[in-house]
Every structure is written in C-alpha cells, then in structure tokens.
Amino acid sequence: MSSKRVLMQGNEACLEGALVAGMRFYAGYPITPSTEIAELAALRLPMEQGSFIQMEDEIASIAAIIGGSVAGVKSMTATSGPGFSLMQENIGYAAITETPCVIVNVQRGGPSTGLPTSPSQGDVMQAKWGTHGDHPIIVISPTSVLETYQLIIRCFNLSEKYRVPVIFLMDESVGHMREGIEIPDKSSIEIIDRKLPDEGDDTWLPYEADGKEMTPAIPPFGTGRKYHITGLIHDEHGYPTSNSEKTNKLINRLINKIENNRDDIITFEESIPENAKIAVVCFGGPARSVKRAITKAKEENIDVGLFRLITIWPFPEKQIAKLSEKVDHILVAELNNGQIVNEVKRCARHGCSVHHIGKIDGTILMPDEILAKIKEVI
Amino acid sequence: MSSKRVLMQGNEACLEGALVAGMRFYAGYPITPSTEIAELAALRLPMEQGSFIQMEDEIASIAAIIGGSVAGVKSMTATSGPGFSLMQENIGYAAITETPCVIVNVQRGGPSTGLPTSPSQGDVMQAKWGTHGDHPIIVISPTSVLETYQLIIRCFNLSEKYRVPVIFLMDESVGHMREGIEIPDKSSIEIIDRKLPDEGDDTWLPYEADGKEMTPAIPPFGTGRKYHITGLIHDEHGYPTSNSEKTNKLINRLINKIENNRDDIITFEESIPENAKIAVVCFGGPARSVKRAITKAKEENIDVGLFRLITIWPFPEKQIAKLSEKVDHILVAELNNGQIVNEVKRCARHGCSVHHIGKIDGTILMPDEILAKIKEVI
Amino acid sequence: MTHEIIEKYFRKDMMPHIFCPGCGHGVLMKDIACAIDKLDVDKDKICLVSGIGCSSRATGYMDFNTIHTTHGRAIAVATGIKMANPELMVIVITGDGDAAAIGGNHFIHAARRNIDLTVFVFNNNIYGMTGGQFSPTTPTDDYGTTAPYGNIDQDFDIADLAKYSGATFVARGSVYHVDKTIRLMERAMLHKGFSVVDCMSNCPTYYGRKNHKGKAPDMIRWQKDNAVDSKKAETMTDEELTGKIIIGETHHDNREEYTAKYQKIKDRFVGGIK
Amino acid sequence: MTHEIIEKYFRKDMMPHIFCPGCGHGVLMKDIACAIDKLDVDKDKICLVSGIGCSSRATGYMDFNTIHTTHGRAIAVATGIKMANPELMVIVITGDGDAAAIGGNHFIHAARRNIDLTVFVFNNNIYGMTGGQFSPTTPTDDYGTTAPYGNIDQDFDIADLAKYSGATFVARGSVYHVDKTIRLMERAMLHKGFSVVDCMSNCPTYYGRKNHKGKAPDMIRWQKDNAVDSKKAETMTDEELTGKIIIGETHHDNREEYTAKYQKIKDRFVGGIK
Amino acid sequence: MASTLKTLFVDKSLCKGCGICVAFCPKSVLNISNEKVNIIDETLCIGCGMCEKLCPDYAIYLNEKEGK
Amino acid sequence: MASTLKTLFVDKSLCKGCGICVAFCPKSVLNISNEKVNIIDETLCIGCGMCEKLCPDYAIYLNEKEGK
Amino acid sequence: MKEKMELRLAGSGGQGVILGAIILAEAALENDNYAVQSQSYGPEARGGMCKAEVIIGKDEIDFPKIENPDVLLALSQSSLDKYCNDTNENCMIIADSSLEIPNTKNKVMSVPIIETARNVIHNQQTANIVALGAINTLVPMVGYEALEKAVLKYVPSHAAEQNKKALQEGQRIAQSLILQ
Amino acid sequence: MKEKMELRLAGSGGQGVILGAIILAEAALENDNYAVQSQSYGPEARGGMCKAEVIIGKDEIDFPKIENPDVLLALSQSSLDKYCNDTNENCMIIADSSLEIPNTKNKVMSVPIIETARNVIHNQQTANIVALGAINTLVPMVGYEALEKAVLKYVPSHAAEQNKKALQEGQRIAQSLILQ
Ligand SMILES: Cc1ncc(C[n+]2csc(CCOP(=O)(O)OP(=O)(O)O)c2C)c(N)n1
Ligand SMILES: Cc1ncc(C[n+]2csc(CCOP(=O)(O)OP(=O)(O)O)c2C)c(N)n1
Ligand code: SF4
Ligand code: SF4
Ligand code: SF4
Ligand code: SF4
Ligand code: SF4
Ligand code: SF4
Ligand SMILES: [Mg+2]
Ligand SMILES: [Mg+2]
C-alpha cells in the first residue's frame, strides 16, 4: 500500500478540500447535517489566515460570501434544505452578477423541517430551479469521502473559471460517513483562479466577455479598477439597462457560458458491460447501494450497467441519450420521489424504457431493493 | 349586450376575486409588479371585516398567512420573483403541515432583481421545485383579467379542498393590464370551505385522511379540538416521528392527494382543428399572443391547434401525451428560456417533434414571431 | 402541584420529553403551564407557537392549540394567528437562536407594532439543538463549537432588545426562580400588548460543558447566586451589578395594542361600507 | 465645490439620475461624496454597498467600487467584504425600508458585532421605489398606499435602534443641513466600528403628496424649522422636544471593532500552526 | 404550607438522573444511584417542594392525598 | 468666503425644475420657467452657495474661475 | 368607429398618459364596447419614458397589445422619436406642438396640448385630458358624454370642473385644426 | 480477520457508540486496512437510540452500510431488542450484562461492560472503550496496539491512562468469558 490512509468524515473532507482549493472565507449558520463544516471552518480558517463568521441566518450567510468573493477571496457556505431554501434569492443574485461562490447543501429529509438527521436527495431539482428566473448554475454531487475532497476543489475551480455559483450537493449519508482515504498529493491538484483583466487593457469592461468561456474578467474590489455590480439587468459596463437587446445579450451569455462548455463541466462515471440490457442511473451517496446491487446482480449472472452523474446540472443530456441507445432499460435510483428520472425520460431515446426506484422514508436504498427492481424491469 | 362591463386591472381582479372566495386575511410586503394587490387589500379588507397587515418582509408575510389560515381564516399573500424566492422555505412548511393558503406571484423579469417592470414566465419551474424536498403543490395561471378573477377563486377552493398551498402564477402583462369585464354573478360561483371533523367523531385524528381526497379534516385553532402542527415528519396525531413507515405514509399521502385527484385539479383550454399538424402549448398572458398568431395562421390557411395550460402543476401529462398523438409538432411558447417545453418533451409521444419559442429580453412574444416559428416548424 | 399541572396540561403520551438530563427547558415549560393554570381564560383559546430548537420542541408536549413552525418564524406565524382571530391568546415559546438570531427581525417588528403576543425566550446562551454553536446571547469570550477561540461577538440582552424595540411588558425569569418566573409569565400573558419574558435556561450538554460551568445543578446554582431583583437593581451602582443578572419586571408601559387599533379601522365599516 | 465633487467622484455618463424632481436622495448622495473627498484614504479602497430602493440606486452613480445588492442585504454583503478584506473601507447606502424593514436583522446584528461599516440610511419615511407604501419609519397616523386609513404602527427611530443594538457611532443628518451632515458623515467613516448616520431625506412624490407635506422645498424647510442639535437637545425637556428632530451625533463609544478582534485570532497562527 | 402530610413520589421512568433535586434538597432525602434518583430517607423530607419545582422531567413530586 | 468672483452656472439638461434652489436662495436670483430653473438676475447673487448645496440634481453651481 | 381601434399614448413619466389611456378605455365600456388597456415603463418610473396603450373593439379582444396603432399620441420628444417609426402609414400621429416633427410618411397633427393646459387651464397636469379631447375629436371613437363621464370618474372631485374644461379645450383646439 | 468485517454498535445517545466505531475504524487504518464508519440517530440525539456502524475490509468498500453484521454490540435494552433480530445467524451479539437477552439463535455474549466501567474504571463514560477491548478480544479484527493508539488519538490527553486501563479491562473480562 502506498501512502497512509487517514480517517475522515465527509463534512471534514468538504472543508479540507475547500481549503486546498483556496477557500479563505466562510460565512454560515449551523444546520444539521452540515454543521461540522461550519465548526471545522471556525477552527481551521484562522490557521490558514482566512476568516470565518457565523451570521445571523442563511440569507446573511450567502450575502456575506458574495461580499467575500467580490473582495477577491474564494468563499463558501454550507447548509441543508431549510437554509438552502432561504438562500435562493441570493443564489440568483450571484448568478446574474457572476460572482464565484460555492454553496454546499448537505441534503436531509424534507420537505420543510422533515427528518433533520436522515439522508435524502430531495433537493436536486431545487438546486437548478430554486431561484426565480432563468439563470446559470452548476451542481455537483459526490459519492464518497475521497470524492468529496476532490470534487469540492472542482467546485471552486468551475466557480472561478465560469464565475458562476456552484452547488455542491452532498447528502447526510456522505456528510456524516467516515472513510479511510489517501489524501491526494497537493502538487497533483489543479487549482484555477479567476481571470483578471490584462494590466494595460484600457478597453476592458467588467461585464464584457467572449471566446469559448464567455466569462468576464472582473478584478476584486480595491484593486484599482472601479466598476458597478447590480442584480438588475445590466450592460457590459455593469450599469442597469432595460434595453431589450442588451437584456438578451446578457441572459444569453449567462446561459451559454454553461451550455457551450458542457464538455468541460460535465463529468460522470460509466461502465456498461457489453451484454447489459439495463443500466442504473444514480448519483451521490446512494450510488454506492447501486454499485453493490450491480455486484450482486453479476453474481447472479445479470449484467447491469452503471451511469453515475457527477455533474448533475448542466444535465448530461447527450450522454444519457447515448446510454439509452446502448441499453433497453434505464433504472434511475435516487433518494427521493422521482426527480432526475424526469430528466432521464426527457433525454432517453424512444424505445428505451425508463424506470424509477426511490425512497422517501428517511432510510437509504438497500442493494437488495435495487436488485429486485432490476430483475422486475428486465 | 348583457350586463355592464367594468374596467378592472388584473391585480385588482385578483384581489376582488379573492374577497369573493372568502379571503379575509392578507399579509404582504410590496414588490413590483404585484404591489397593487397589497394596496387594494389594505383598502378593501376592513370593509369586509377582514384584516390586512404589512409585514417586515416576505418571509414574515407567508409565515403570517400560515398563521391566519391555522386560525381558520382564508389567507393570501402576493409577491414577485425576489419575494417568491424568499418564501420558499415556508411554502414547504405549508405543504407538509397541509395549511391552505394562496401565494400570488406576479412574475417579472429575472433572475434576481432583473427587470422589475417587465413581463416574464421565468418562475414556472420554481413554482414546483423552489422549496427543498418532495412536496405537493398546485399552480394555476390566468390569461386575462376575467380569468384572474375566476381562477383566484378556484385557487382558494383547491387550497381548502386539498389543504395545499396554491400558487397563482400571474405575470406583469396580466397583472397590470386593464380590461372591461363582466363581473360574474356571485350566486353562480362555487365556494369551497375546508372540511371540518364531524362533531361527535371521537376517533378523529388531525392528520388522518383517506378516501379519494386523502385530505384531513383539521379544524381551526380555538375551536375546541386541540392538536399539534409541525414541519417535522409526523404521524396521524401530528406528533413528530422518524419511523420509516409513518414517514412513507405521510409523504405518499401528501403526494397522492394531488396525484389521485388530477382530474379534479387539472383544467386547460384546447382547440385542435381537424387538419392541424401543429399545436401550440402555452399559458398565462402570452397565450394571447398565441391566439392572435393562430388567427393569423388561419388567415393564411394554416390550421394550428391551441393547448393552453390553466393548471400548470400538476402537469397535464396525460393530456399532453394525447395531444402529441393528434399532431405532428408541438410548439411551446413561453416567456422564458425554455421551462415547460422540457415537461412537454418528457410527456409527448415519440414521433411528435417538440419545439420552443421563448423570450428573455423583457418584451412580450409577438404574434408574428410565433407565426414565423409555426411556419418554420411545419 | 406540578404533578396536577402535568396531568392537566401535558400530552403525557409524548413523555419523556427529548430534553437532556438537567436541561432547564423542562422546568420552564412546566412553569408556563403553571402560569396558564392561574389565568381566568378559556384554555381552548390558548395557542402556543414555537420555532425550531430544543426550546421550540416544548409546544409538542403541551395540550393546547400548538404549532411548531420553521426556524425563527414563530413570531411571524403568531402575528398571523392573532391578526386573523384576535380572540385567541397567542403565546410564543422560542430560543435565543430562534428569537434573536434568525428570528431577530420578526422580534423587533412585532415589538414595534405592540401586537398582543406573549413571548417566552428559553435563553440558554447557545444553539442547543444543533450541538453547541454560539448564539447572539453567548457572552463574549465564551466558547461554542463555532467559537473555538472564544466568542468575539458582543451578546444581546434580550430584555433590552425587546424594550428598545417597543415591547410594552418586559421581564426576566430563570430556571431557579420558579415562583417568581411563574408570576412574571402570568403577568406577561395578562398584559395587552407585546410582552417578553427572557427566561434564563441552562444547557448542561453544550453550553455548560464547553464553558466549564459544571453540571446542571451547578448552572442552576449560579442563577441563584447571581440574580438581583430588578427593583433592587435600581438602587445599585453599575459596579455592584457587574456579573449579576437582573430578574423581575424591567419595563412596562400602556401603549395601545395593535389588533385593538386595527379593530377601530374595521369598526368604521361595521354594517357596510359608508 | 459641488461641481468639482461631481466631476471627481461621479459617473457622469449615468446622469441625470433617476431620482424624482426635488428628491432629497440626490443631495445626500452628493454629501457622501463631499465627505469622502475630505478623507485621507486611498479612494480605490472605498466600497459602496447598497440594497434595493430609490436610495440604493445611489451606488450606481458614484465612481468607487460599487455594488447594488438585493433588497435588505446590503449590510450582510458589506460584512462579507469587510471580513474578507479588512483593508477596504466599506460604506453602505440604504433606505429606511431596506435597512429597517427587510434588512432589520442584519442591521441589528452588524451593530451588535460592531464591525467597521459605515451605514448611511436615506430615510424618507416611505418605500419610494415601489410607490409609497408605509415603512418602519413612517410616523403613526401618516398615510401610505398600504395605510389608506392611517398607519397604526409605531415608527422606529433608526438612530436609537442602532445605538441600542450596539452601534458605536450614531448620528442624524438631513438634506437641509448640508455642511453638518457632511461633517457627520466624515466622522462616521473615520470611526472604527459600526457607525450609522440616519439621513433625513424627503420623498415629495409619495410621502409628501400622500401626507400633504407640500412640495420638495416645503419638506426641506420643515427640516430646517424643526431640527434641534443633539447637544442642545440634551438641555431641553421632553416637552420642548415634541415634534422636533434631533440632529448631530447622538451616540459614540470605543468598544473594540470586530475585524480587529478577529485579526488577533489569526495572529495566533501567523507563521504556521502552533 | 410545607405540610408533613405530603408524600414524596418518584416516577423512575421519567427520571434522567440529572441530580438537580439532590442538589437543591435542603435535607439529605435523595441521592442518585444507577443514574436515577433514589429516596434515601423520606422521613427527613420537610415537603418544601424544591425537588418538584426544579425537576426538569416531572419525575419527583409531593402528593397530599394518597399514602405511598 | 462668499466672493463676488463666483459666477452662477446652470446645466439645464440636469435641472428637473424642483424649485428648491428658488426657495432657498436668499436673494431673488432665480425662478422656474418651463419646468427648468432660470436666472432672473445674476447681479443679485451673493454667492452664498445654498442653491448649489441643495440642488438634488447638481444642475446649478458657482464657479470661481471662468466667466459666464 | 372601425371594428377595432388601437391607440398608443406616449410621454415621459408624470405626464399622465396611463391615466389618459384608462379614461379612454373606461369611456369605451361606457359605450358598450370592449376595451383593453396596458402600459410599459422602466424601473425608472420616475422620469423615464412611459407608453400606454388602449384597444377599443366592438368584439372581444384576443391580443391585448398593439400591433398597428391607428393613433399615436406623443407628449415628449423622446417618445415621439421612438414610436413614430413603429407605425404603419395609416396611423395618425398627434404630437404636442412643442415637439419637433421627425421625417415620416404618416399624417401628423401638431396640437398645442401642453400649451393649452398651461396657459388656458393653468395646470399643466391636465395636458393628458386636453389630449383626450383632441384625440377623440380628430379620430372619434367614443361619445363625448361617455368620455366626460369617464374623466370625472378618475379625477378628484375638487378638480372636476377644471378637467371638464380641459376636455372641452382639447376638443376646441382639435376642431380649429380640422377647420384649418 | 475475514476479508471484510461488519460491526454494529448500538446504544442510547451519550453512551459513546459513535466514538467507539470511529476508534475501531481508525485502528483498522492503522493496520493498513480499509474502513468505513457511519451512524444513524434521530433528531432526538439527546436520549434517543443511536446506532453506529463500522466496516473493516482488506479491499475498498463499495457499499458503506451494513447488510449482515458480524458483530452486534448493544449497550441498551431498546437497542438490543431492536437490532438483535436484524442479524443473520453468524452474527455474534455482545450485550451488556445488565440487559435481558431476547430469544435468538445467535451466539450471545453477556459482558459486564457498564459495570466494569463504573466499578473498575470508576467512570461510566468509558464503557465504550471497555466495549472495544471486549469486542476485539471476542472477535479479533485489529491489533491491540493499533486499537490502543486509536483510543489515545480520540480521548483527551488527561484521560489517556484511564482509557488505556478501560481497554485492558475490556480485554480482560472478555478473555475470562472465553475461558469460561
Ligand atoms: C432555516 C434553518 N436554519 C437552521 C436550522 C438549524 N437549527 C435548528 S435549531 C437551531 C438553533 C436553535 O437554537 P435556540 O433557538 O437557541 O434553541 P435551543 O436549541 O438552544 O433551545 C438551528 C440553527 C433550521 N432548522 N432551519
Ligand atoms: C425581496 C424583495 N422584496 C421587495 C422588493 C420591492 N422593493 C424594492 S425597493 C423597496 C422599498 C424601498 O424602500 P426604501 O429602502 O425606504 O428606499 P426608498 O425607495 O424609499 O429610497 C421594495 C419593497 C424587492 N426588490 N425585493
Ligand atoms: S442540548 Fe442543551 S438545550 Fe438542548 S435539550 Fe440538551 S441541554 Fe437542553
Ligand atoms: S419616489 Fe420618492 S424617494 Fe424615490 S426618487 Fe422619487 S422622490 Fe425620491
Ligand atoms: S431532578 Fe428529576 S430528573 Fe433530575 S434526578 Fe431528580 S428526579 Fe431525576
Ligand atoms: S420536598 Fe424538599 S425536602 Fe423533600 S425531598 Fe423535595 S426538596 Fe427535599
Ligand atoms: S434645485 Fe436644481 S433641479 Fe431643482 S430647480 Fe434648482 S437647479 Fe433645477
Ligand atoms: S449662490 Fe446664493 S444667492 Fe446666488 S443664486 Fe445661489 S442661493 Fe441665490
Ligand atoms: Mg438556545
Ligand atoms: Mg424609503
């Protein structure tokens, strides 16, 4: 065995990974099952010369990290369903103002106060649609403690690269799980920082962007270039406008900076045995139940494919369409009443039947339940 | 001509209709383009011996109407995107506690502060998915001032009948439009009040329900039957539980009281000429652009069908599937970047192509634009 | 006495309650029932409204019209209940986090309006339910799981915040001072207007342990040893009061109540629009 | 003088601003620039943060690091900016609705923390942007579009709310008292801690019209006629002060500032974890 | 009022053994054993009611009517 | 300080005709016509600067250097 | 009146064009016609441009916005400049006489609306009512009585006489233009 | 040790079963194995039932929850009653000696864990550490040294000696049971 494994909790991996990514400002409000992230942030950030603040609520928390990011510091907050609902207005603000920030939602049972200590994937549609108006967003979901560590770094990288709020959608089962992981070598980790305007460039405008990334170069407050940020529709100068062409241009750019870079943003895990008639689509913690179910199926000589979403939004439409050409049936396994299954239905080619197995009772999906459903479907 | 038409603004029709429905408590916080509803509520409610309160924000507003409803008074609030985002947490609370209430969202351009005075339909997905966790919801959208008056009454009726928050999804173009309407005769209007427990019934439990409606009979506070309300998962007594069977039972009932009553809840307007190869799916204010476009198409001898959603959620899956069997193409026209079109894609049978025309620049869809798109599709 | 009160006003099938051994919330919850028992009001008309927190779980155990709302929103929900039906007696049970952190705005605005609610803040100087993070009433320099290096915030005095925001009856009770606290609670409920009783609780599990305050009995003894009655406090110097906690009534005035004022507007239209 | 200030600190291509004829916000906005001009600080380090409202549109016209946030959240965003980079000078421009209605909780908590922000509340006693609804500072009995029968709420005194929540510099200025207001603004910015200047503005379009306060010049003249300096006010009886407005500094103390305290925690780890 | 007619009751199913009653009992009536309250010597009890008032779990109380 | 060297400037494109300058001018220098400010008699101006200080639209100001 | 009339009223915020449109719609109902009224304005309600529309029809009106206005009223230069090209040739443009008329094929009537309000009615606020009198004279669409009734419904009672007069004056100046 | 061992530790909130599971997982890593640890508890953390799980494997662990525990430790009656039927026959049940043993086919070891913590270590809080010593003796899965090292990593340094002792005592009482 190579380097030493250390025992780490999912929530801890989230915070430690964030520190590696360069996160130096955390603002939050405690809520089960995300609280350990805040507690660790309070302990660890001063050690890295970063800052932690406990705000009066979740609205203030996301507002504060937007401020932190505008000041040039990579910033994050963590919460769970009720707090995530409260953050929605300002998630839209971060999206339209193109303020990089990472929002961790360690999902628990909903709706409302629901089941505070139970795992769930009930917020996956909310993560895309929770704020009003069409807006860009990236949503990523980890399946293990190690992946939590790795993907939170990716969240920051994508957030900085595309200047978009990134939602890290964990769930209680990953957040509270401890695993022995080998901490990745820091030198092997890519860290992306936000693009800054070229020094001599005096044609620079804060909200002008083109090229493939379509992402503007906005320097932190206090670094000499003064500009305006607003949640109103704005022009390239950042000034409010209600001109319809400029509106169109802004909203289209916001959406297309994600759409046109799907290949860069979307990652997934796929393994489809040649003879598989069925594939299971899954994500996050519950994907591990699926993996065990597939192993068990294999033992019974049933070949089952696996497609695990890592990037959830933008939704891997093309990949799912392709998958639906390889198999006759797709089973979507998710810890909710059927959310991502609707996306899969929309994207799957005709002829491939799409099924769902979910759970809303606070317990996890067990491998045997998934296996039974697989057998039922094929 | 029969009875006299009166000139009424959409927002005014919303409030006057609500009064007819029996609404006697309004709590709100002003926001363009919904503010007239609050202003009229302040003026009109005392005249009807009802109460108006301006709260400190939208979170307090929805919390207050939940309180008003629990006290037995039909209650509503009105807002627009930013306020609607802030209300999300408590919309989920109303859903899980089965507290009847009506939330009006007069949509404006988003995301974020966006274009406060422009029409939009950008919140239609949010209306279903904005709060965390799987939850029941009904969403209804009017196309005219008269329909606003009629449908807000329907919102209250459905809300009381199924004890579910109902979102009345207007848009700026309907809210601020004035039309001459004939006020419906009050005696012709059906008003539904919430079910109360039978007087002698001593097996009654606040959160027990069966039958087709699956809706419990919960009496107002102060009427003698004491019980507990919580946003935690609860049993039939209303007491918190984390028992998985009880959890399952609750969430399933919440979802099925809507699912099993789709036929009662879903209404729509459909007219498909025999020869139509294409139908346009639309809703709300923009449906009127579609109607004009269809008239114009007819003038050019092109037969075009119309399917106007009135109930948006639950989504008329069956009806759209049927529609897709009648025509070769469906064009979804909506004032956003493509939201309901995804639902139509999911539900349409294979072989019927689904297209989209939208707008995100703050202006409305013009009939000629729709007509051009129709021609392009067929 | 307690025994009968429990029999009379509690949902005994819900017992034992979830509070930890020695948690002051249990005592305060019982005190509310004792105070209610003394009132000459129809008990069916009493509504108990809470938010989220250990303290806010109290409503689930008490056999009245009870509602456990969302975190911080108890006062806003209570405002709606009272506006919709002013005949109900509306009592809020909340925590220092629920009332003063996330719910701070509703607290000050309800006080400003002087709406007839009675708010009992079970103030344990910590977020108990989520495991011991510092709250807006955690004293400066104390520890919480999110203040591993000591709290640098200044703490709110809930009673003062209420008073200066416009509450018309303000008092402080404690777990130790049972009889006095019950009397204050009773007066708060009888007062027509926004009334607040800052109830000093104790969280041995988190606040006590994190701050070396000993076990539950030690924390309650501290209340006993450091309390000064508000009347007596008036005669004491600031110096003498350092480190002391003032209990008793701290503010009272007779500004007109909100729903009564609103009723006057409605009354203009009784019998039709003029 | 004004002319040069405008030339120096304003985004002239954005002029004329959106404020109505006679709106006091225009004067106050200029006063801020005048006060900044006097400061001996690197102007590139100045951040202006606002929420939503007519008042909050001010940031769009002023040539600094400016951010127009969401309704009520300016102080929370400003808190994040200051925490992330304490070297920036962070100024909040907000309205009575933005700061005291939807934003009330952030206001009192930032005050409690005593974080080094300077908050200028353009207080016109109304929600101007949305068309004249009453605000938390609309005097009782006055009218607004949502108070057609007269406002039954008691109004907040922004300066008092700031003081009792923990702000360490509090003052009140007005549109009329230009020089004095500029001086107060300057002192507020220089103060290390949470400072608030309640700036009496005037909204002729809604508040003035709804309440028969005349046109803009009349409303400004009212300020002139009814202002009493805070120093002088100390010598006056409550009776003499009825109907008057106190301007000038009303509170000042030297409690340690929040980011400075936090810096001490960081300093423990300078050079690595010990 | 502190009448000797009162009898001390303990409901062990409710007691969480916090020790508050023990600490505030003015006489040495109570102790904790096996994480539950225990009456060592009821005869010492003066019926002051402190235990009842301060028990957060309503597990100890005085009753005037019935005997033990 | 109120120097006669100062000259009064008006930028009519900015003036919104609110009348504040007219009302607070201690001399009768200004009036409103056609919804804009108008200098009736500059010679009366004492350069006190009230108009400049109180104009919400920065449309009227004194300038020491240039003539009119 | 035609089967359907489409009117666009444009000006700057505060000139009362929305109220003007509402009054026209109300008058149309008074005449048992159908009417739809709508408007658009920026977030800068205060001062920015403002456009109000009315459609009056003998039948129900499906699409509530104007595709081809029959009449464009412009009370400010910027609104005239913006909307005068957004019309087809049949549209009559009624512009306040203070405005410079852009190059256009349309029939343009330059009417001293604001001047009349200011100098004859002595209240510039009544310009919208003067305009209504003028429009309905140049392009009749509702009965004068219905229009007057509608005006009185929407103006405060103390200003009733002044507004009646404004309507009359609008009619008068328009008639004198027709006679020219 | 088998390829993979699944352990469930159950008790009531406050008995430290989660910490016990964490220490076991840590010890497994110390021995260069893989480990996953998880738990479930109600919102009623305080007082309610609490279940912690550890899986120790020679290879990576896909599914992190227990399907068939090899060992069930129960420190409270309600947790014993609840989980003892949730095992297959191979599972060894280690119950505190204060508990009543339900009817079961499984091998059940009744171990005086709490008693030992209370009477020998004089600190009932150390019951979880006593339990670890006992479990690892009855069903060896990690080296004793690794286990001790892990214990010392997670307990406050002032309590190090006491906990070392607790571990030893756990081992001792288990050994005496084996010898019986
Ligand atoms: C919107 C939201 N944010 C956060 C939480 C998590 N939460 C639950 S209770 C609580 C704090 C409770 O503190 P307090 O009101 O003082 O009650 P205590 O438990 O101390 O009695 C928090 C932060 C939540 N449930 N909802
Ligand atoms: C979440 C949200 N709620 C409501 C609004 C609507 N709104 C915009 S400004 C405003 C009030 C502004 O009042 P104030 O802060 O006093 O500013 P003023 O316009 O009076 O200067 C309101 C209610 C909004 N933009 N966002
Ligand atoms: S955590 Fe604290 S406040 Fe909550 S029940 Fe336990 S002792 Fe009481
Ligand atoms: S509405 Fe009032 S506050 Fe807003 S710009 Fe006009 S005068 Fe100023
Ligand atoms: S106070 Fe109550 S719970 Fe605590 S030990 Fe005594 S009887 Fe038991
Ligand atoms: S009644 Fe008093 S004396 Fe008797 S046991 Fe209780 S506290 Fe002790
Ligand atoms: S104060 Fe300014 S805007 Fe007002 S009239 Fe005078 S110059 Fe014009
Ligand atoms: S400077 Fe003074 S005197 Fe001259 S115009 Fe201005 S206000 Fe009048
Ligand atoms: Mg607390
Ligand atoms: Mg204001």
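Reminder, nothing fancy here: chain letters follow the sequence lines and each chain counts from 1. These numbers were taken from a predicted model, which means no experiment stands behind them.
Between Glu36(A) and Arg178(A) no salt bridge is recorded (no basic side-chain N to carboxylate O distance below 4.0 Å).
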Does the side chain to side chain contact (heavy atoms under 4.5 Å, CB included) test come out yes or no for Leu138(H) and Val111(H), once each step is laid out?
-> CA-CA 10 Å; Leu138(H) 294 169; Val111(H) 187; 4.2 Å; yes
Step by step, would you call Lys4(A) with Asp32(H) a side chain to side chain contact (heavy atoms under 4.5 Å, CB included)?
-> CA-CA 8 Å; Lys4(A) 189 91 185 167; Asp32(H) 273 350; 4.2 Å; yes
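The 12-atom threshold is exceeded at CD of Gln319(A), counting heavy atoms of other residues, nucleotides or ligands nearer than 6.0 Å. Heavy-atom contacts from other residues, nucleotides or ligands closer than 6.0 Å to CD of Glu100(H) number 12 or fewer.
You'll find the side chain of Ile135(H) reaches within 4.5 Å of the side chain of Met141(H), heavy atoms only. When side chains are defined from C-beta on, Pro142(A) counts as touching Met170(A), because their heavy atoms get closer than 4.5 Å. Using a 4.5 Å cut-off on side-chain heavy atoms (C-beta onward), Ile37(A) and Val104(A) make contact. At a threshold of 4.5 Å between non-hydrogen side-chain atoms, the residues His355(A) and Glu376(A) do not count as touching. Using a 4.5 Å cut-off on side-chain heavy atoms (C-beta onward), Leu146(A) and Glu179(A) make no contact. Side-chain atoms of Arg8(H) and Asp86(H), non-hydrogen and from C-beta on, do get closer than 4.5 Å to each other.
Within residues 151-179 of chain H, the residues having any heavy atom closer than 4.5 Å to a heavy atom of chain A are Tyr154(H), listed by residue number. When the heavy atoms of residues 289-297 of chain A are compared with those of chain H, the residues falling under 4.5 Å are Ser289(A), Lys291(A), Arg292(A), Thr295(A), Lys296(A), listed by number. The stretch residues 63-81 of chain H places Phe63(H), Pro64(H), Lys65(H), Ile66(H), Glu67(H) near chain A, each with some heavy atom under 4.5 Å from a heavy atom of that chain.
Residues forming a salt bridge (Lys or Arg N to Asp or Glu O under 4.0 Å) with Glu12(A) (at least two apart in sequence, or on another chain): none.
In this structure, Ile302(A) CD1 and Ile374(A) CD1 are separated by 7.5 Å, a value rounded to the nearest 0.5 Å. Here Asn33(H) contributes atom CG and Asp59(H) contributes atom CG; the two are 9.5 Å apart, rounded to the nearest 0.5 Å. Between the CD atom of Gln126(A) and the OG atom of Ser85(A) there is a distance of 4.0 Å, given to the nearest 0.5 Å.
For the options Gly362(A), Gly180(A), Gly10(A), Pro367(A), heavy-atom pairs under 4.5 Å to chain H are most numerous at Pro367(A). Highest contact tally toward chain H, considering only Ile364(A), Thr143(A), Val145(A), is held by Ile364(A) [criterion: heavy-atom pairs under 4.5 Å]. Of the residues considered (Glu60(H), Glu26(H), Glu53(H), Gln37(H)), Gln37(H) shows the highest number of contacts with chain A, using heavy-atom pairs under 4.5 Å.
With a threshold of 4.5 angstrom between heavy atoms, Glu30(H) approaches chain A through its backbone and through its side chain. Using a 4.5 Å cut-off between heavy atoms, Ile55(H) does not touch chain A at all.
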